[in-house]
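Below: the structure, in structure tokens.
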Amino acid sequence: MEPSVDQYIPSDYLPIIIQFAAALGFVIFALVLTHLLGPKRNSEVKGAAWESGIESVGDARTPISYKYFMTAILFVLFDVEIIFLYPWAVNFKAFGLEGFLQMLVFMGLLLAGFFYVIKKGILKWE
């Protein structure tokens, strides 16, 4: 039976499998090579936990203000939404009036969310 245009045959996946095998082979080769060629000098000082050259003091589970995380999440959220403006700006003329109105709705929702965040005081630091 001859395969039709809509059907995939196993040989269609061969380039993907070869690419995956080549990538996996390179990763394994690099890990083994660095393990074999790398220095092997272990010491108590080298194994100690350091951060920025300062020895760790205290508990690592100290509470952190939620505002830090909210600011980070809001940055990512608004940053991703701004990314949607670039394709629209490139194709501005092709979208015409309908595309412009859709972008006005998008920007309105974006600004509504931004004003909501400001009203809730998430961006105010104490």
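Here, residue 1 is the first one in the sequence, and each next residue gets the next number. Being a predicted model, the structure only gives us computed values, none of them experimental.
Following chains of ILVMFWY side-chain contacts shorter than 4.5 Å, one cannot reach Ile83 starting from Val90, and the two form parts of different hydrophobic clusters. When hydrophobic clusters are built by joining Ile, Leu, Val, Met, Phe, Trp and Tyr residues whose side-chain heavy atoms come closer than 4.5 Å, directly or via intermediates, Ile82 is grouped together with Val76. Cluster annotation: Leu97 is connected to Leu104 through the hydrophobic network of ILVMFWY side chains, with a link wherever side-chain heavy atoms come within less than 4.5 Å.
Met107 contributes atom CE, which lies 8.5 Å from atom CH2 of Trp88 (distance to the nearest 0.5 angstrom). A distance of 9.0 Å separates CG in Leu74 from CZ in Phe114, rounded to the nearest 0.5 Å. Put simply, CG on Leu85 and CG on Leu110 are 7.5 Å apart, with the number rounded to the nearest 0.5 Å. In this structure, CG in Leu101 is found 11.5 Å from CE in Met103, a value given to the nearest 0.5 Å.
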Less than 3.5 Å apart, which donor and acceptor atoms pair up between the side chains of residues 28-37 and the rest of the protein, not counting sequence neighbours?
| unit_1 | atom_1 | unit_2 | atom_2 | d |
| --- | --- | --- | --- | --- |
| Thr34 | OG1 | Ala30 | O | 2.9 |
| Thr34 | OG1 | Leu31 | O | 3.0 |

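Shown here is Phe100, whose CZ atom has no more than 12 heavy atoms of other residues, nucleotides or ligands within 6.0 Å. For Phe95, the CZ atom counts as densely surrounded, since its 6.0 Å shell holds more than 12 non-hydrogen atoms of other residues, nucleotides or ligands. Other residues, nucleotides and ligands place more than 12 heavy atoms under 6.0 Å from the CZ atom of Phe78.
Looking at heavy atoms from C-beta onward, Thr71 lies out of side-chain contact with Phe75 at the 4.5 angstrom threshold.
The shortest non-hydrogen separation linking Lys40 to Gly38 is NZ-O, 3.2 Å.
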